Amino acid sequence: MTTPHDAVVLAGGAAQRLGGADKPGVRVGGRALLDRVLAACRGADRTVVVGDARPTVHSVRWTREDPPGGGPLAALDAGVREIGAGARAGVGPEVGSGGGDAGADVLLVLSADLPFLDEDTVHRLLGALADAPDAEAALLTDAGGRDQPLVAAYRVVPLRQELARIAEERGTLAGGPLRQLTGALRLTRVAAGPLASFDCDTWEDIATARARIREHGTVLDEWITAVKDELGIELDVDTGVLLDLARDAAHGVARPAAPLTTFLVGYAAARAGTEGGPEAVAEAARKAAALAQRWAAEQDEAG
C-alpha cells in the first residue's frame with residue numbers, strides 16, 4: 001500500500017536557458033511537461049502546483065511564491081502553505097485517508113520539467129522514506145550521484161521547521177539555495193533509473209527527450225499514455241491483447257478490419273460500464289479474437 005501523501009510541483013521558474021519560454025507548457029510526445037509530471041504523482045491526496053494557472057489533465061490547486069520568481073525555497077514554502085490551507089478547507093481526501101488538518105505526513109516535491117518521471121519512481125521514493133523511520137527525506141540521486149531535492153519525498157513536520165528556520169536566519173526564502181534545506185535534514189537516497197532524473201533546461205534537452213520517446217521500445221507505450229490523457233481515460237489495458245486481436249483481424253479477415261475491430265471492442269467495454277474495467281476489455285477482445293479465428297478457419301476450409 002502506498003504511503004498517504006500530498007504533492008507539490010514547482011512550475012514557476014524563469015526558464016532563462018529556454019529563452020523565457022513557458023517551460024511547463026512545452027510539449028514532449030504531445031503532452032505538456034507539467035502534465036507528464038502530474039501523471040506520475042496522480043496518487044497524491046492533494047496536489048498543488050506553484051506557478052501560473054493553466055488547464056491541466058489532472059485536477060490541482062494553484063499558488064505562487066512571494067515574490068514570483070523568488071526561487072525554489074520560496075516556491076516550496078508557498079506550496080506547503082497551500083497544501084495546509086487546502087487540508088483545513090476540506091479539499092482532498094475523505095477523513096481517515098491519512099491526512100490531517102495540515103495535510104498528509106509525507107510530501108512529494110517535484111519540478112515540472114521531468115519528461116520521464118513515472119509512478120514507479122514516485123513509489124520508490126515513498127517506499128524508501130517509509131523504510132527509513134529516522135530519515136526526514138528521501139532524495140533521488142542521478143547517474144552521477146548528485147542529489148535531486150526536487151525529486152524527493154519529505155516528512156512534512158521537519159520540512160516546515162527547516163523552512164521556518166531558514167526564513168528566520170535569512171530574513172527571506174527568496175533566492176535561497178535548496179542545499180540549505182537538504183543539508184539540515186536526515187536523508188535517505190534512491191538511485192534514479194536511466195531517465196527518471198532527466199530534466200529539460202535547454203532546447204537541446206527538449207529535442208533529446210522528444211527523440212527518446214519515439215524510440216522503438218517506448219513509442220507505443222508513450223502513444224497509448226498520451227491518448228489516454230487526451231481522452232481522460234485512466235483505464236489500464238493489456239496492449240498486447242489488443243495488438244494480437246488487430247493482427248488476427250487483419251490476417252484472418254482483411255487489413256481494414258483491424259482498427260475497426262479494436263474500436264468495437266473498446267465500445268463494447270465502455271457499454272459494460274466502469275465496473276468492467278480492464279477485464280471488460282480483455283473479455284471483449286477474447287470474443288472478437290475467437291470470431292476472427294473462426295472466420296479465418298472458414299476461409300482455409302474453402303481454400
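Being a predicted model, the structure only gives us computed values, none of them experimental.
In this structure, Glu168 does not pair ionically with Arg165, as no charged nitrogen and carboxylate oxygen lie closer than 4.0 Å. Contact check on Arg212 versus Glu222 returns no salt bridge, with no Lys/Arg side-chain nitrogen under 4.0 Å from an Asp/Glu carboxylate oxygen. Under 4.0 Å is where a charged nitrogen must lie from a carboxylate oxygen, and between Arg64 and Asp52 at least one such pair does. In summary, Asp201 and Lys23 engage in a salt bridge, as defined by a charged side-chain N under 4.0 Å from a carboxylate O. The existence of a salt bridge linking Arg186 and Glu136 is confirmed by a sub-4.0 Å separation between a basic side-chain nitrogen and an acidic carboxylate oxygen.
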Handout entry: CA sep, side-chain torsions, deciding dist, call: Leu114, Leu150, side-chain contact (heavy atoms from CB on, under 4.5 Å)
Key = CA-CA 10 Å; Leu114 301 162; Leu150 297 184; over 6 Å; no
### Task
Please report the C-alpha distance between His5 and Leu126 in whole Å, then the side-chain angles of each, then the deciding distance to 0.1 Å, and finally whether the side-chain contact (heavy atoms from CB on, under 4.5 Å) criterion is met.
CA-CA 8 Å; His5 63 284; Leu126 296 170; 3.4 Å; yes
Report the C-alpha separation of Thr261 and Val253 in whole Å, then their side-chain angles, then the decisive distance to 0.1 Å, and conclude whether the side-chain contact (heavy atoms from CB on, under 4.5 Å) test is met. CA-CA 10 Å; Thr261 305; Val253 184; over 6 Å; no
| request: Show your working on side-chain contact (heavy atoms from CB on, under 4.5 Å) between Leu117 and Leu110 and close with a plain yes or no. | output: CA-CA 9 Å; Leu117 184 70; Leu110 305 169; 3.7 Å; yes
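In terms of heavy-atom proximity, Pro4 sits nearest to Ala104 at O-CB, 3.8 Å. Taking both residues in full, the closest heavy atoms of Pro115 and Asp113 are given as CD-O, 3.2 Å, listed atom of the first, atom of the second, then distance. Nearest approach of Thr3 to Ala130, heavy atoms of both residues: OG1-CB, 3.9 Å. Between Ala250 and Ala258, the shortest heavy-atom contact is CB-CB, 4.1 Å. Scanning all heavy atoms of the two residues, the minimum distance from Ala11 to Leu34 falls at CB-CD1, 4.5 Å. Between Pro72 and Leu10, the closest heavy-atom pair is O-CD1, 3.9 Å.
In this structure a side-chain-to-backbone donor-acceptor pair under 3.5 Å is present from Asp35 to Val57. With hydrogens and angles disregarded, no donor-acceptor distance shorter than 3.5 Å links the side chain of Gln148 to the backbone of Ala152. When atom types are taken as modelled, the side chain of Arg46 and the backbone of Glu82 share no donor-acceptor pair closer than 3.5 angstrom. Judged by distance alone, the side chain of Arg42 and the main-chain N or O of His58 form no donor-acceptor pair under 3.5 Å. Side chain of Arg170 to backbone of Thr172: a donor-acceptor contact under 3.5 angstrom is found. Without hydrogens or angle criteria, Asp147 side chain to Pro149 main chain gives no donor-acceptor distance under 3.5 Å. Between the side chain of Arg214 and the main chain of Arg210, a donor-acceptor pair closer than 3.5 Å is present.
Linking ILVMFWY side-chain heavy atoms closer than 4.5 Å, directly or via other members, places Trp62 and Val9 in a single hydrophobic cluster. Val156 and Val50 fall within the same hydrophobic cluster, where Ile, Leu, Val, Met, Phe, Trp and Tyr residues are linked whenever their side-chain heavy atoms come under 4.5 Å apart, directly or through other members. Each of Val106 and Val48 belongs to its own hydrophobic cluster when Ile, Leu, Val, Met, Phe, Trp and Tyr are linked at side-chain heavy-atom distances under 4.5 angstrom. Ile83 and Tyr154 fall within a single hydrophobic cluster, where Ile, Leu, Val, Met, Phe, Trp and Tyr are joined by side-chain heavy atoms under 4.5 Å apart, directly or via other members. Leu140 is not connected to Leu195 by any chain of hydrophobic side-chain contacts under 4.5 Å among Ile, Leu, Val, Met, Phe, Trp and Tyr, and they are in different clusters.
Between the CD atom of Glu65 and the CG atom of Leu173 there is a distance of 11.0 Å, given to the nearest 0.5 Å. Annotation: the span from Asp134 atom CG to Arg155 atom CZ amounts to 8.5 Å, rounded to 0.5 Å. To the nearest 0.5 Å, atom CZ of residue Arg61 and atom OG1 of residue Thr47 are 11.0 Å apart. Atom CG in Asp244 sits 9.5 Å away from atom OG1 in Thr239 (nearest 0.5 Å). Interatomic distance, Arg160 CZ to Leu107 CG, rounded to the nearest 0.5 Å: 9.0 Å. Here Leu159 contributes atom CG and Leu181 contributes atom CG; the two are 6.0 Å apart, rounded to the nearest 0.5 Å.
Checked by atom type, the side-chain pair Asp205/Thr202 shows a donor-acceptor distance below 3.5 Å.
Ile213 has its side chain within reach of Arg36: a pair of non-hydrogen atoms, C-beta onward, lies under 4.5 Å apart. Put simply, the side chain of Arg247 does not reach to within 4.5 Å of the side chain of Leu243, judged on heavy atoms. Using a 4.5 Å heavy-atom cutoff, the side chains of Leu73 and Leu163 are in contact.
Of the candidates Leu108, Leu139, Leu125, Val37, Val151 forms a side-chain contact (heavy atoms from CB on, under 4.5 Å) with just one, namely Leu125.
For CD of Glu169, the number of neighbouring non-hydrogen atoms (other residues, nucleotides, ligands) closer than 6.0 Å is greater than 12. Annotation for Glu230: atom CD does not count as buried by contact number, only 12 or fewer foreign heavy atoms lying within 6.0 Å.
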